[in-house]
Number of protein chains: 2
Amino acid sequence: MEVTNQRKLKSSRQRDLILGILRSTHCHPTADWIYEKARKEMPNISLGTVYRNLNLLRDEGKIQELCFGRNMNRYDGDLRDHYHVRCVVCGCVEDVPHISPRASSGEIEKLTGYKIHSHRLEFSGVCPACHKNAPSE
Amino acid sequence: MEVTNQRKLKSSRQRDLILGILRSTHCHPTADWIYEKARKEMPNISLGTVYRNLNLLRDEGKIQELCFGRNMNRYDGDLRDHYHVRCVVCGCVEDVPHISPRASSGEIEKLTGYKIHSHRLEFSGVCPACHKNAPSE
DNA sequence: CTAACTGCAAAGTTTTTGCAATTGC
DNA sequence: GCAATTGCAAAAACTTTGCAGTTAG
């Protein structure tokens, strides 16, 4: 899929703006939220451009794409290892600050004030079959 | 949101079928996959019914709704604590067997044969504000 | 110059919903 | 009998794409 993207990127005001917005917020915005924010600086920017650039930035590895069970994708400009708490009632998503990878649910509750119901751990990488086809990945 | 669902559930053949399908597979199917499978047993079932029941089952806590960065939701009938590996190239998702919550990426690579790029840890629960409004959650 | 990028609008995908008929309790 | 559920089809929500014009290198 997109990982094999060989095309040479050219800089663009639109892409810089989008990346700037993403890096300057602590929320984990949706494409639409980013679009609304971007329009304040660049009124003619289009939603299609926002989507295209979010996909490019994700493919470059400059941002992380997240999906939290509600249908819309969310984006995170912070690439450091950090974890999330999600409210199953209102759907908000926050970072968990200063967490050790071995923290227990109890510790998370103390740190965040959330009542934790469950957690999810997901590893991303390349499966053996795909690795065989494109060993560069 | 839906968590405050007080309505009394009535049993239905359709819902039982959907739950049965989900519990008898090891893949993490999309709504459409479940729909196709269900049609073989019950040719008149509609896609709308599949979606409605998946949402009901999720609200009841009988299944887990997952989202892996590709746009479609996926569902998991296994509620025990277990983790996932996802291939960023082909998009497939597998369970990680017998994993300790403290396993390292290296251990995951040995267990699964995947080349691990990153991981994601997400806690779900109720945020302080929502807990205040509906302490039952 | 030329390939990447853009805005716009149309199309594609996935999910939800309104409605009249049916079903479980 | 009544409220929950269903099938169907239409609508909504989210994302991608085709195209002609613009821009960065």
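We name chains A, B, ... by the order of the sequence lines, and we start the count at 1 in each one. In this text the structure is predicted, and so the values were computed from the model without any measurement.
- Distance CG (N53(B)) to C1' (dG7(D)): 12 Å, rounded to an integer number of Å.
- Within the 4.5 Å cutoff, the side chain of L66(B) has no heavy atoms near those of the E122(A) side chain.
- The SG atoms of C87(B) and C130(A) do not sit under 2.5 Å apart.
- Scored by the side-chain hydrogen bond (donor to acceptor under 3.5 Å, both in side chains) test, Y51(B) finds no partners at all (sequence neighbours excluded).
- The ring pair (Phe, Tyr, Trp, His ring centres under 6.0 Å) search around H28(A) returns H84(A), not counting sequence neighbours.
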Using a cut-off of 4.0 Å between protein heavy atoms and nucleotide atoms, how would you tag nucleotides 18-25 of chain D 5' to 3' with B, S and -?
B----BBS

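- Looking at E94(A) and F123(B), their side chains never come closer than 4.5 Å, going by heavy atoms from C-beta outward.
- Atom CD of E41(A) has 12 or fewer neighbouring heavy atoms from other residues, nucleotides or ligands inside a 6.0 Å radius.
- Computed from coordinates, the Y51(A) OH to dA13(D) P distance equals 13 Å when rounded to whole Å.
- Across the protein-nucleic acid pair, L17(A) atom CG and dC5(C) atom P stand 16 Å apart, rounded to whole Å.
- Going from atom CD of E60(A) over to atom P of dA4(C) covers 14 Å, rounded to whole Å.
- Distance alone, capped at 3.5 Å, is enough to place a donor-acceptor pair between the S24(B) side chain and the I21(B) backbone.
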Does the pair E107(A) and K110(A) meet the rule for a salt bridge (Lys or Arg N to Asp or Glu O under 4.0 Å), with working shown?
CA-CA 5 Å; E107(A) 293 173 72; K110(A) 267 182 218 145; over 6 Å; no

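- Overall, the helix from dC1(C)-dG25(D) to dC25(C)-dG1(D) carries an axis bend of 40° between its ends, with five pairs at each end and the value rounded to 10°.
- Hydrophobic clustering of Ile, Leu, Val, Met, Phe, Trp and Tyr side chains at less than 4.5 Å, counting indirect connections, unites L121(A) with L111(A).
- Atom pair D16(B):CG and dT23(C):P shows a separation of 16 Å (rounding to whole Å applied).
- Of the residues in residues 30-50 of chain A, those lying under 4.0 Å from DNA chain C by heavy-atom distance are N44(A), I45(A), S46(A), T49(A).
- Straight-line distance from the CD atom of Q14(A) to the C1' atom of dC5(C): 8 Å, rounded to whole Å.
- Atom CG in L54(B) sits about 14 Å away from atom P in dT5(D), given to the nearest Å.
- Shown are I18(B), L19(B), I63(B), L9(B); of these, the side-chain contact (heavy atoms from CB on, under 4.5 Å) with L56(B) is made only by L9(B).
- Taking S124(A) as the reference, R86(B) meet the side-chain hydrogen bond (donor to acceptor under 3.5 Å, both in side chains) condition, with sequence neighbours excluded.
- The nearest whole Å value for the distance from the CG atom in N55(A) to the C1' atom in dT13(C) is 15 Å.
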